[in-house]
Protein chains: 2
Amino acid sequence: MDKLTLKQKRILDFIEKHRVENTYPPTLKEIGDNFGITIGTVQDHIYALQKKGHLERKKDIARGFRVIKSQEEEFFDKNKTDTELIPLYGNVAAGEPIFANDNIQGYITMEKNSKGHNIRFALRIKGDSMIDSGIYDGDIVIVRKQDTAEDGEIVIALLDDEATVKTLRNKNIKAYLEASNSKYKSIINKPFQIIGKVIELRRDYNVI
Amino acid sequence: MDKLTLKQKRILDFIEKHRVENTYPPTLKEIGDNFGITIGTVQDHIYALQKKGHLERKKDIARGFRVIKSQEEEFFDKNKTDTELIPLYGNVAAGEPIFANDNIQGYITMEKNSKGHNIRFALRIKGDSMIDSGIYDGDIVIVRKQDTAEDGEIVIALLDDEATVKTLRNKNIKAYLEASNSKYKSIINKPFQIIGKVIELRRDYNVI
DNA sequence: AGTTTATCCATAGATTAATATGGCATAATA
DNA sequence: TATTATGCCATATTAATCTATGGATAAACT
């Protein structure tokens, strides 16, 4: 990858920019028109770009360019691709399905999970029952779907057909759920089902 | 966006796949060759795809296709491209520079900011002085660099050469910083400099 | 000094690629 | 049933695009 002259760099950038914007690379003429030079001159530049290893080209193929990216650029692209969007669900009233499509309030960008495809989703917290654990009304919790959890972990549980955020206590003896706010009483010995475990919390401060 | 027939869908997919793999879309002939049909037939399919709103095409332009993506697909693409990594700094002792390269603990994936290039960084919280605001030891705050802030906003301030997280109070009269924990006393009438404003909080729950 | 590199131009093919037409058969739809 | 959409072919024409050549100047390099 020899170093490029300013002109060569500009032409290379134009080819890539054109490709991104139009979905196809430019022709020799289009390049020439953009820089106010003739096709013959463009040929010279293309030849130089190829020789220096910054551009590949298919013979006799219209618009047959491929811009070769540097390692840095590849890296930058790579970390751009290793993210995914997970759905953000609003809080649901008792009896209503949580994972309904029309309950999706938006999407949260997250890094892709390396190991396996464990399914995650986000849930907006309603109420202050977890305030003593530093989870406030309006916060968003990222949840990993699973049906078991350890003592002390914060879980999303289905209780009386309603999804709630609680701390799991004494799982193996008589499991109950603890609301992290002293004014709420904890739920003991009620049947519940664990939907997932809270793995992250996000709070947006209103920013204009 | 009318519904496509199987054949039409396959041709559309081929165009997009070809574009991604080669950096440029195929010609009519290349499409025909791939499916074992003639150019005339391809023209028919292209016409149908255009009429149904799945494909755009520039007249008289070689390989001048643009595949129109559904909202879902746009979404999927968006998360691939519109993110960036922001540096996560550890807490620093008094006098040491915060933004030193060897103070970078990692990187946080975030959605790119649409408006302008305001610079953001992340900081890991040390101590419990902001616990009453639900910011705990070990939490990560996302900070937008700026040197002013409004009353009540949580800011990163440089105070006695140390970066601290505080709530800003009475900015215009006698500004002081408030620690959100009753056992800490607020800092009044000391000179300080605002580095940035907290725009988001993230907390990771230890997950194996 | 001689050679290569980088920029330019002009022009004449040769080939690729798009467009225009017309025709045919079958399935879906009004 | 009449009409439209789908899926296919063949061929001629026009336009786009690439390739090849030759020439020129100035700067950088050997």
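Throughout, protein chains are lettered first and strands after them, A, B, ... in sequence-line order, and every chain is numbered starting at 1. Everything numeric here is computed off the predicted structure, so don't read it as measured data. The figures that follow rest on heavy atoms only: side chains count, while hydrogens, waters and symmetry mates do not.
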Using only heavy-atom distances, determine whether the side chains of A/Gln50 and A/Arg57 contain a donor-acceptor pair under 3.5 Å.
no
Examine C/dT19: is either OP1 or OP2 under 4.0 Å from a nitrogen or oxygen in the side chain of B/Arg57? Give yes or no.
yes
At under 4.0 Å between heavy atoms, what does B/Thr38 touch on the DNA or RNA strands: base, sugar-phosphate, or nothing?
base
Rounded to whole Å, how long is the line connecting atom CD of A/Glu30 with atom P of D/dT17?
6 Å
Given atom CD1 of A/Ile15 and atom C1' of D/dT17, what is their separation to the nearest angstrom?
15 Å
For A/Thr41, which contact category applies under a 4.0 Å heavy-atom criterion: base, sugar-phosphate, or nothing?
base
Interatomic distance where CD1 belongs to B/Ile46 and C1' belongs to C/dT19 [whole Å]:
13 Å
Return the nearest nucleotide to the side chain of B/Lys52; candidates are D/dG7, C/dT19, D/dT6.
D/dT6
Rounded distance [0.5 Å steps], CD1 in B/Ile154 versus CG in B/Leu201
8.5 Å
Mind checking A/Gly32 for me? I need base, sugar-phosphate or nothing, with any heavy atom below 4.0 Å counting as a touch.
nothing
So what does B/Gln8 touch, heavy atoms closer than 4.0 Å: a base, only the sugar-phosphate, or nothing?
sugar-phosphate
Below 4.0 Å: OP1/OP2 of D/dC18 and any side-chain N or O of A/Lys58
no
Mind checking A/Lys29 for me? I need base, sugar-phosphate or nothing, with any heavy atom below 4.0 Å counting as a touch.
nothing
In this structure, how many angstroms lie between the P atom of C/dT16 and the CD1 atom of B/Ile39, rounded?
12 Å
I'd like to know if A/Glu84 pairs up with A/Arg120 as an ion pair, taking the criterion as any Lys NZ or Arg NE/NH1/NH2 lying under 4.0 Å from an Asp or Glu carboxylate oxygen.
yes
Go nucleotide by nucleotide along DNA chain D from the 5' end; which of B/Asp60 and A/Asp60 gets its closest nucleotide reached first?
B/Asp60
The side chain of A/Lys7 lies closest to which of these nucleotides: C/dT7, C/dA17, D/dT6?
C/dT7
Describe the nucleic acid contact of B/Ile37 in one word from base, sugar-phosphate, nothing, applying a heavy-atom distance below 4.0 Å.
sugar-phosphate
Interatomic distance, B/Glu56 CD vs C/dA18 C1' [rounded to whole Å]:
18 Å
Check whether any side-chain N or O of B/Lys51 sits under 4.0 Å from OP1 or OP2 of D/dA5, and answer yes or no.
yes
Starting from P on C/dC8, measure out to CZ on A/Arg10 and report it in whole angstrom.
11 Å
Look at the side-chain N and O atoms of B/Lys59 and state whether any lies under 4.0 Å from the OP1 or OP2 oxygen of D/dT14.
no
Applying a 4.0 Å non-hydrogen cut-off, can you work out what A/Thr5 is touching in the nucleic acid: base, sugar-phosphate, or nothing?
sugar-phosphate
For B/Tyr136, is the NZ or CZ atom of B/Arg203 found under 6.0 angstrom from the centre of its six-membered ring and inside 45 degrees of the ring axis?
yes
On DNA chain D, nearest-nucleotide positions of A/Asp44 versus B/Lys3: which is more 5'?
B/Lys3
Could you pull out the closest heavy-atom pair between A/Pro87 and A/Ile104, with the gap in Å?
CB-CD1, 4.1 Å
